[in-house]
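Step one of this worksheet: look at the structure below.
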Number of protein chains: 2
Amino acid sequence: MQNKEIARRVRLFIETCRRHQLKITPQRVGIYRVLIQSQRHPTADLVFRVVKKEFPNISFDTVNRTLSTFAEIGVLDVVETFGGPKRFDPDITDHHHLHCMACGRIIDFEYEGYARLEVPKAIATTFKVISRRVVLKGLCDTCTAKQQMF
Amino acid sequence: MQNKEIARRVRLFIETCRRHQLKITPQRVGIYRVLIQSQRHPTADLVFRVVKKEFPNISFDTVNRTLSTFAEIGVLDVVETFGGPKRFDPDITDHHHLHCMACGRIIDFEYEGYARLEVPKAIATTFKVISRRVVLKGLCDTCTAKQQMF
DNA sequence: TCTTAAATAGGATTGATTCCTATTTGTCAA
DNA sequence: TTGACAAATAGGAATCAATCCTATTTAAGA
């Protein structure tokens with residue numbers, strides 16, 4: 001990601017914080033910068049270890065609390081998992097997920113065919129849908145290859 | 001659920017265990033019986049507390065390990081969550097989920113319109129899809145009502 | 001500046017899961 | 001039916017994740 005693009009997104013992020021009456025702290029900006037440059041779907045611990053390089057005194061609690069705050073104001077998503085630590089997704093645009101059941105990898109994909117997953121009428125009346133996602137479980141290519149070795 | 005239906009499913013379950021060279025222990029059968037009669041999506045701890053009534057000496061580890069074993073042989077599903085303890089689903093037929101972001105409730109639904117979620121060709125070549133599910137995040141009626149009180 | 005509520009650091013606590021090991025038990029073959 | 005053995009269990013210890021607690025620091029508006 002270009003420095004220019006990072007700066008642009010940080011500016012937008014700061015806007016969002018202000019709109020929600022959140023103080024702009026160096027820790028929050030640092031965490032946000034790590035997040036948007038991280039490999040997809042990091043855990044709080046992973047973010048913590050990376051941020052620690054820039055802020056050696058930062059605590060895990062701050063990172064974790066901050067990530068939850070970011071989720072609340074819509075700066076990131078908590079993604080669905082099948083157990084294990086929470087995982088966060090800085091990509092809040094519509095997309096779908098493949099979950100490898102063997103290695104736990106989550107792979108993003110976009111697909112025109114799922115673009116308008118209409119919500120059944122019966123549900124729309126009793127449930128307020130905020131986001132929709134197709135989750136495909138299975139085996140990624142690496143794990144399929146490994147299985148065939150036996 | 002009728003006793004007859006339970007007996008039928010237990011027989012099928014025992015078949016499945018045999019196919020996978022798993023021993024038929026009273027604990028496994030007990031856990032399976034609790035599972036198919038439980039409210040949907042119980043945690044290991046919930047299953048443990050119920051099974052404990054019939055097997056006072058059973059350990060949490062046995063319940064938890066057994067549930068994982070059941071998932072491996074396809075007797076149940078581990079369902080997607082957004083953090084918190086693992087949750088298991090005895091309903092392995094195709095269905096979809098609503099997740100209430102406020103109370104964490106998971107509501108099953110079936111929908112004709114999602115019946116044939118075709119897998120994009122580009123993905124089918126590199127990823128072996130085993131199950132597909134639409135996950136809708138939002139607010140259930142109870143939580144929507146609560147929010148409007150403020 | 002000054003004030004104040006919000007945020008942070010760091011350690012303690014809680015909760016969930018897995019690991020370890022001695023003991024028990026289902027299964028299969030004799 | 002019995003004996004042998006690998007698999008499974010019980011119970012406690014250890015690990016990992018998340019949250020709580022509180023003294024201290026800090027961002028932001030007056």
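So that the names make sense, note that chain A is the first sequence line, chain B the second, and so on, each numbered from 1. As the structure is a prediction and not an experimental result, all values here were calculated from the model.
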Exercise. Residues in ring-ring contact (aromatic ring centres under 6.0 Å, His included) with B:Phe60, at least two apart?
Worked result: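 Expected list: B:Phe48.
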For this session: Treat primed atoms plus P, OP1 and OP2 as sugar-phosphate and everything else as base, then score nucleotides 22-30 of chain C 5' to 3': B for base contact with protein heavy atoms under 4.0 Å, S for sugar-phosphate contact only, - for none.
Result: ----BS---
Seminar exercise, completed: Heavy-atom contacts, protein to nucleotides 13-18 of chain C, under 4.0 Å, summarised as B (base), S (sugar-phosphate only) or - (none) per nt, yield ---SBB
Problem set entry | For B:Asp61, all residues meeting salt bridge (Lys or Arg N to Asp or Glu O under 4.0 Å), sequence neighbours excluded |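 Partners of B:Asp61 by the salt bridge (Lys or Arg N to Asp or Glu O under 4.0 Å) criterion, ordered by chain and then number, come out as B:Arg65.
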Problem set entry | By side chain to side chain contact (heavy atoms under 4.5 Å, CB included) - contacts of B:Asp94 (at least two apart) |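 If we apply the side chain to side chain contact (heavy atoms under 4.5 Å, CB included) test to B:Asp94, skipping adjacent residues, there are no hits.
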Problem set entry | side chain to side chain contact (heavy atoms under 4.5 Å, CB included) involving A:Ile14 - partner list, sequence neighbours excluded |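 Side chain to side chain contact (heavy atoms under 4.5 Å, CB included) list for A:Ile14, sorted by chain: A:Val10, A:Arg18, A:Ile24.
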Quiz: residues 79-88 of chain B side-chain donor-acceptor pairs under 3.5 angstrom, not counting sequence neighbours:
from: B:Glu80; atom 1: OE1; to: B:Arg133; atom 2: NH1; distance (Å): 3.2
from: B:Glu80; atom 1: OE2; to: B:His97; atom 2: ND1; distance (Å): 2.7
from: B:Glu80; atom 1: OE2; to: B:His99; atom 2: NE2; distance (Å): 3.0
from: B:Arg87; atom 1: NE; to: B:His41; atom 2: O; distance (Å): 3.0
from: B:Arg87; atom 1: NH1; to: B:Gly104; atom 2: O; distance (Å): 3.2

Could you list who else is in [X]'s hydrophobic cluster, with ILVMFWY side chains joined at under 4.5 Å, directly or through other members?
| X | answer |
| --- | --- |
| A:Leu139 | A:Met101, B:Ile130 |
| A:Ile107 | A:Leu98, A:Phe109, A:Tyr111, A:Tyr114, A:Leu117, A:Val119, A:Ile123, A:Phe127, A:Val129, A:Val134, A:Leu136, B:Leu98, B:Ile107, B:Phe109, B:Tyr111, B:Tyr114, B:Leu117, B:Val119, B:Ile123, B:Phe127, B:Val129, B:Val134, B:Leu136 |
| B:Leu12 | none |

Exercise. Roughly how bent is the helix from C:dT1-D:dA30 to C:dA30-D:dT1 end to end, in steps of 10 degrees, with each end axis from five pairs?
Worked result: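 Taking the rotation axis at each end, their angle is 40°.
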For this session: Could you list all the salt bridge (Lys or Arg N to Asp or Glu O under 4.0 Å) pairs where at least one residue sits in residues 19-44 of chain B, not counting sequence neighbours?
Result: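 Qualifying pairs, neighbours excluded: B:Arg40-B:Asp91, B:Arg40-B:Asp108.
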Problem set entry | Gap separating the OG atom of A:Ser68 from the CG atom of A:Leu76, nearest 0.5 angstrom |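 Nearest 0.5 Å value for the OG-CG distance: 8.5 Å.
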